[in-house]
Participant: 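Dropping the structure in here first, questions after.
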Amino acid sequence: MFIYDSVKKSKLRFEPQNEGKVSLYVCGPTVYDDAHLGHAKSALVFDLLRRVLEGEGYEVFFARNITDIDDKIINKALQSGLSTTEIAQRYSEAYHQDMAAIGVLPPTLEPKATESIDAMCEMIQKLLDKGHAYTISNGDIYFDTATDKGYLSLSNRQSDDNVSRVEKVSEKRHEADFALWKAVHDDSVSFDSPFGKGRPGWHLECSAMIERYVRSGDHPYAIDIHGGGADLLFPHHENEAAQTRCSSNHELAKYWMHNGFVTIGGEKMSKSLGNSFFLKDALKAYDGEVLRFYLLSTHYRGDFNFNEEDLIASKRRLDRLYRLKKRLFGLNAPIVETDLKQSLLEVLGDDLNVSKAYALIDEFVTSANEKLDAAPKDKTLRSVLLSSFDTLNTLLGFGGQNPYAYFQFGLDEATKARINELIDKRSEAKKIKDFAASDALRDELTAMGIAIMDTPEGTVWEIRD
RNA sequence: GGCGGCAUAGCCAAGCGGUAAGGCAUGAGCCUGCAAAGCUUUGAUCCCCGGUUCGAAUCCGGGUGCCGCCUCCA
């Protein structure tokens, strides 16, 4: 496996610190709102990475945190009249639902910030003890960036005035210093700590939870791979790395991976631009698997410009796969090793080259159709083809559905019954060669957005875009 | 201002020095009662200029145009 390290800026052979095992940590959501397509993309990229690593035989420990306490959650709670716990719970559940809908496997561990306060306090104490942190008069605790000789090495920045836009706090020693602990003096949400009541800084969360829950063995790095969106490289990951480096005797991650943004109209999705696209809304119109296939279809490091035309083109590509699966429907066959698995692992093992993987799948579909035309009854062939679908489903997370259900997304039972009724009538008309009548019935189905195709096994139908 | 990314057929998109993958759309053919589906087939010299090389989309230099990070952010 080769992965591109976004800190070293080169593609490296992946070598885990513990033989046969991978520790992977990805920054998860702050649960104050629904997940948008950008969250989906990030989750999908690292879900794919996890599947590929597992496909290569590694035992993967995949941690993804949930930030369930944060100013944004507090603000949302104030607006809605609910408690921060209720807000966090609501959006955590929504997040889990949305991720499940697009086939993102649950992580091995999903630590919550509010349940890890003691781990954070422990790290703060270490930083205080070692002189990397200081307390100001109001009780806030800051990380002293000047004491970390490695600071800014991650994001390749100069330590000058370029980091001057962070919140002005007069007592801070350096402008770039960031909060580890924010003291709370009123009755807003707070946690007890050796430093008094307060709330943890966001950056601290990941470092502390990694140290507490994910690190395994005494190695130069706490974990193998740390991932997240490209916008997290600075300051979030820079700060995480600094905290870990200064509180312990190791670096945070051996490899850093950052995924590109989902853009709309060429611009990054953001609330201020008003171009956020919630996953749950996309899921109303499209099968989660269609969204997964589309969002995963280009290389993870590049930006992904979302638009519906491309989504539909992408769906047509996935449709081909499911039409092939229809031809295998109703067959039970043992799962065997497939060449497809090997060739997919080869290209995906090259920094997740999904474009090549998709090309392989296209070629698989074409050749499978040809072979089925030539030998429709060949049981060995069918067994291999079905096994290939199993491979796809395991490795890439699509192709696992019932193919008929796939083509009937979103239709209610009454409509399906109506469609079948029309198709039966048409079949009868065809039988007596009343083509005028059968074509009229087909037109009626077309008007309903239904395409039909006559096959040796009878007439089948699909929803059209 | 500092740092970084991108620019390949109508559209999406691989490519990492050896003569342009794949998909969608389009035209043609086979198949079909006709369709659809499936299969076959059709098309780009790679933003511009200069350089290195036997050879460059791929390396170097200079432009142009987009985008991002530097503030919460996947």
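These numbers come from the heavy atoms of this one structure, side chains and all, not from hydrogens, waters or symmetry mates. These numbers come from a predicted model, not from an experiment. We name chains A, B, ... by the order of the sequence lines, and we start the count at 1 in each one.
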Participant: Please classify the nucleic acid contact of A/Gly227 as base, sugar-phosphate, or nothing, using heavy-atom distances under 4.0 Å.
Facilitator: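 Touches nothing.
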Participant: Specify the separation, in whole Å, of atom CG of A/Asp319 and atom C1' of B/G38.
Facilitator: 14 Å
Participant: Would you measure the distance from the P atom in B/G29 across to the matching atom in B/G50 and give it in whole Å?
Facilitator: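 The same atom, P, in both gives a distance of 45 Å.
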Participant: Measuring from the side chain of A/Thr298 (C-beta onward, heavy atoms only), which nucleotide among B/A13, B/G33, B/A36 has the closest atom?
Facilitator: B/A13
Participant: Considering only B/G4, B/G38, B/C73, which nucleotide approaches the side chain of A/Asn156 most closely?
Facilitator: B/G4
Participant: Any chance you could list the contact pattern along nucleotides 16-32 of chain B? Use B for base contacts, S for sugar-phosphate-only contacts and - for none, protein heavy atoms under 4.0 Å, 5' to 3'.
Facilitator: B----BBSSS-------
Participant: What's the closest nucleotide to the A/Asn369 side chain, out of B/C3, B/C12, B/C39?
Facilitator: B/C39
Participant: Quickly work out the A/Glu238 CD to B/U71 C1' distance and round it to whole Å.
Facilitator: 16 Å
Participant: Just distance, no hydrogens or angles: give the donor-acceptor pairs under 3.5 Å from side chains in residues 101-112 of chain A, sequence neighbours left out.
Facilitator:
from: A/Thr108; atom 1: OG1; to: A/Phe62; atom 2: N; distance (Å): 2.8
from: A/Thr108; atom 1: OG1; to: A/Phe62; atom 2: O; distance (Å): 3.4
from: A/Glu110; atom 1: OE1; to: A/His96; atom 2: NE2; distance (Å): 2.6
from: A/Glu110; atom 1: OE2; to: A/Arg64; atom 2: NH2; distance (Å): 3.4
from: A/Glu110; atom 1: OE2; to: A/His96; atom 2: NE2; distance (Å): 3.1

Participant: A/Asp439 has a side chain; which of B/C34, B/C73, B/C39 sits nearest to it?
Facilitator: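 Between B/C34, B/C73, B/C39, the one nearest the side chain of A/Asp439 would be B/C34.
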Participant: Just call it for A/Asp231: base, sugar-phosphate, or nothing, with non-hydrogen atoms closer than 4.0 Å on any strand.
Facilitator: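 If one applies the 4.0 Å heavy-atom cut-off, A/Asp231 turns out to touch a base.
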Participant: Using heavy atoms to find the nearest nucleotide of RNA chain B for A/Arg327 and A/His299 separately, return the residue whose nucleotide is more 5′.
Facilitator: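 So the residue in question is A/His299.
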Participant: Roughly how many Å apart are B/C11 and B/U19, using the C1' atom of each and rounding to a whole number?
Facilitator: 26 Å
Participant: Suppose the criterion is salt bridge (charged side-chain N to carboxylate O under 4.0 Å, His left out): which pairs have a residue in residues 338-354 of chain A, not counting sequence neighbours?
Facilitator: A/Lys11-A/Asp350, A/Arg301-A/Asp351
Participant: Rounding to an integer number of angstrom, what distance separates B/C46 and B/A56 when you compare their P atoms?
Facilitator: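 After rounding to an integer number of Å, I get 12 Å for this pair.
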Participant: What side chain to side chain donor-acceptor pair (under 3.5 Å) pairs are there with at least one residue in residues 369-380 of chain A, not counting sequence neighbours?
Facilitator: A/Arg327-A/Asn369, A/Arg327-A/Asp373
Participant: Say whether A/Asn75 and A/Tyr32, considering side chains only, have a donor N or O and an acceptor N or O under 3.5 Å apart.
Facilitator: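 No - no donor-acceptor pair under 3.5 Å links their side chains.
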Participant: Mind telling me whether A/His226 and A/Trp256 have parallel, tilted or perpendicular rings, with 30° and 60° as the class edges?
Facilitator: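 Judged by the thresholds at 30° and 60°, the geometry between A/Trp256 and A/His226 is parallel.
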Participant: For A/Lys356, enumerate each residue passing the salt bridge (Lys or Arg N to Asp or Glu O under 4.0 Å) test, keeping only those at least two apart in sequence or located in another chain.
Facilitator: none
Participant: Is there a side-chain contact between A/Met209 and A/Met123, using heavy atoms and a 4.5 Å cut-off?
Facilitator: no
Participant: Between atom CZ in A/Phe234 and atom C1' in B/C70, what is the gap in whole Å?
Facilitator: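 Roughly 6 Å, once rounded to whole Å.
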Participant: For nucleotides 44-48 of chain B, give me every protein contact, N/O to N/O, under 3.5 Å, one pair per line with atom names.
Facilitator:
none

Participant: Across all strands, who's sitting opposite B/U26 as a Watson-Crick or G-U wobble pair, both distances under 3.5 Å?
Facilitator: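 No nucleotide pairs with B/U26.
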Participant: Base, sugar-phosphate, or nothing for A/Gly229, non-hydrogen atoms under 4.0 angstrom?
Facilitator: sugar-phosphate
Participant: Expressed as a whole number of angstroms, how long is the span from A/Asp310:CG to B/C11:P?
Facilitator: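 Rounded to the whole Å, the gap is 11 Å.
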Participant: Round to the nearest Å and state the distance from A/Ile102 atom CD1 to B/A74 atom P.
Facilitator: 14 Å
Participant: To the nearest Å, give me how far apart NE2 (A/His203) and C1' (B/C70) are.
Facilitator: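 That distance rounds to 13 Å.
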Participant: What is the distance, to the nearest angstrom, from the CG atom on A/Asn259 to the C1' atom on B/G68?
Facilitator: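 In whole Å, B/G68 C1' and A/Asn259 CG are 13 Å from each other.
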Participant: Side chains of A/Gln401 and A/Asp287: is there a donor and an acceptor less than 3.5 Å apart?
Facilitator: yes
Participant: Contact class for A/Arg426 (heavy atom, under 4.0 Å): base, sugar-phosphate, or nothing?
Facilitator: base
Participant: Figure out the CG/P separation between A/Leu233 and B/G68, and round it to whole Å.
Facilitator: 17 Å
